[in-house]
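Structure, as structure tokens:
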Amino acid sequence: NGVPWSRPMETHQITAPERSIPDQTPLEPVTQRVKEGPNAVPQTIALVDDDRNILQSLSIALQAEGFVVRVYSDGEAALKPLIDNPPDLAVFDVKMPRMDGLELLRRLREKSQLPVIFLTSKDDEIDEALGLAMGADDYIAKPFSQRLVIARIRAILRRVELNRASPSEDEEPVADPISRGRLTMDP
């Protein structure tokens, strides 16, 4: 193993500090929840990158927005946990030791349709097209804005929720029985 931080780091829920705009009106802390109400569950994001600074800074930013974050230093350390206990979305670096992001995505797609964003310093159009063709949902080049990464995560999670809420094309709509007097027709 050799890399002491290749296991998931302990995660903590962090509430965003109170911020204010010029007229001193306080802003509410921002949280991302799967559903509203008392049983709301924080969404989980997995970060897979060999750059510890990126893992730490992006993890802090995501936690401040109400996400639960799991981090891994390479694809080999991440593969089994991503399959056995999938997060809501994963962010992969392309170039990592032991198992790169492309191989991790290939193996993950054999068993899962987990939403994936590639976050990488490789800004070659061919690499981007390959990652998207293999099933990545988005591709963000380094250096990146944390605000942009969070916005794209939210957009993909929103789309996933909408897809879950809408009926599949394969499913036939269920019609209610029609009654007229003593006659009832159950389609």
Side-chain angles (χ1 to χ4, degrees), residues 5-19 26-94 96 101-102 104-120 131-132 134-142 144-168:
W5 47 277
S6 64
R7 292 182 227 46
M9 292 172 59
E10 185 175 328
T11 59
H12 302 280
Q13 192 69 24
I14 299 174
T15 303
E18 184 173 295
R19 299 165 285 174
L27 298 175
E28 295 297 319
V30 179
T31 57
Q32 180 75 16
R33 302 291 178 192
V34 174
K35 53 188 160 194
E36 300 299 323
N39 297 329
V41 177
Q43 291 179 307
T44 302
I45 308 299
L47 301 177
V48 187
D49 198 314
D50 61 330
D51 185 329
R52 187 178 181 110
N53 292 328
I54 288 175
L55 288 175
Q56 287 180 333
S57 64
L58 198 49
S59 179
I60 289 168
L62 288 165
Q63 288 173 345
E65 293 294 325
F67 292 99
V68 173
V69 178
R70 299 188 322 222
V71 299
Y72 306 93
S73 62
D74 61 62
E76 192 173 285
L79 182 60
K80 185 167 175 29
L82 291 176
I83 292 170
D84 292 347
N85 185 18
D88 295 293
L89 183 140
V91 179
F92 298 168
D93 185 13
V94 171
M96 295 182 288
L102 294 171
L104 175 59
L105 180 63
R106 187 189 68 73
R107 291 190 188 182
L108 185 64
R109 284 294 176 251
E110 292 173 0
K111 300 181 188 246
S112 171
Q113 288 303 309
L114 173 70
V116 172
I117 296 174
F118 274 129
L119 181 67
T120 183
L132 293 170
M134 290 178 64
D137 295 276
D138 204 347
Y139 192 100
I140 302 172
K142 296 176 187 175
F144 58 88
S145 155
Q146 289 180 352
R147 185 177 303 136
L148 176 64
V149 172
I150 292 169
R152 289 190 180 188
I153 287 171
R154 284 189 175 135
I156 291 170
L157 291 173
R158 204 170 34 249
R159 189 184 63 214
V160 167
E161 274 303 308
L162 287 173
N163 287 344
R164 280 189 200 136
S166 65
S168 167

Flag, side chain of D88 to backbone of T44, donor-acceptor distance under 3.5 Å: yes
Rounded to the nearest 0.5 Å, the NZ atom of K111 sits from the CD1 atom of I83 at a distance of 5.5 Å
Just by modelled atom types, is the S73 backbone N or O under 3.5 Å from a matching donor or acceptor in the D50 side chain? no
Taken to the nearest 0.5 Å, the spacing of I45 CD1 from I117 CD1 works out to 8.0 Å
Discussion item. Tell me if a side-chain donor or acceptor on S112 pairs with a main-chain N or O of L108 at a distance below 3.5 Å.
Written reply: no
Correct closest heavy-atom pair for P87 and R70 would be CD-NH2, 3.3 Å
Rounding to 0.5 Å, atoms CZ (R109) and CG (L114) come to a distance of 6.5 Å
Q: Please determine if K142 and D51 form a salt bridge, counting it only when a charged side-chain N lies under 4.0 Å from a carboxylate O.
A: no
Quick check: do R152 and Y139 have side-chain heavy atoms less than 4.5 Å from each other? no
Between G75 and L104 the two heavy atoms that sit nearest each other are O-CD1, 3.6 Å
Scanning both residues in full, the closest heavy-atom pair of A78 with P81 reads O-CD, 3.1 Å
Between G131 and L105 the two heavy atoms that sit nearest each other are O-CD2, 3.9 Å
Between L102 and M134 the two heavy atoms that sit nearest each other are O-CE, 3.1 Å
Checklist entry - Is there side-chain contact between L47 and L62, with heavy atoms separated by less than 4.5 Å? => result yes
Beyond-backbone contact of Q43 with I153, side-chain heavy atoms, under 4.5 angstrom:
no
- Query: Between F92 and L82, is any pair of side-chain heavy atoms under 4.5 Å apart?
  - Reply: yes
Check this for me, if you would: do E110 and R107 make a salt bridge, where the nitrogen-to-carboxylate-oxygen distance has to be below 4.0 angstrom? no
Quiz item: Is the side chain of R154 donor-acceptor paired with the backbone N or O of V149 at a distance under 3.5 Å, no angle test?
Solution: no
* Asked: Is there side-chain contact between L119 and L58, with at least one heavy-atom pair below 4.5 Å?
  -> yes
Q | Heavy-atom side-chain contact between D49 and L55 under 4.5 Å | A | yes
CD (Q146) and CD1 (I54) are apart, to the nearest 0.5 Å, by 9.5 Å
| query | Can you find a pair of side-chain heavy atoms, one from F118 and one from L132, that are under 4.5 Å apart? | reply | no
(message) So F67 and L157, do their side chains get closer than 4.5 Å, heavy atoms only?
(response) yes
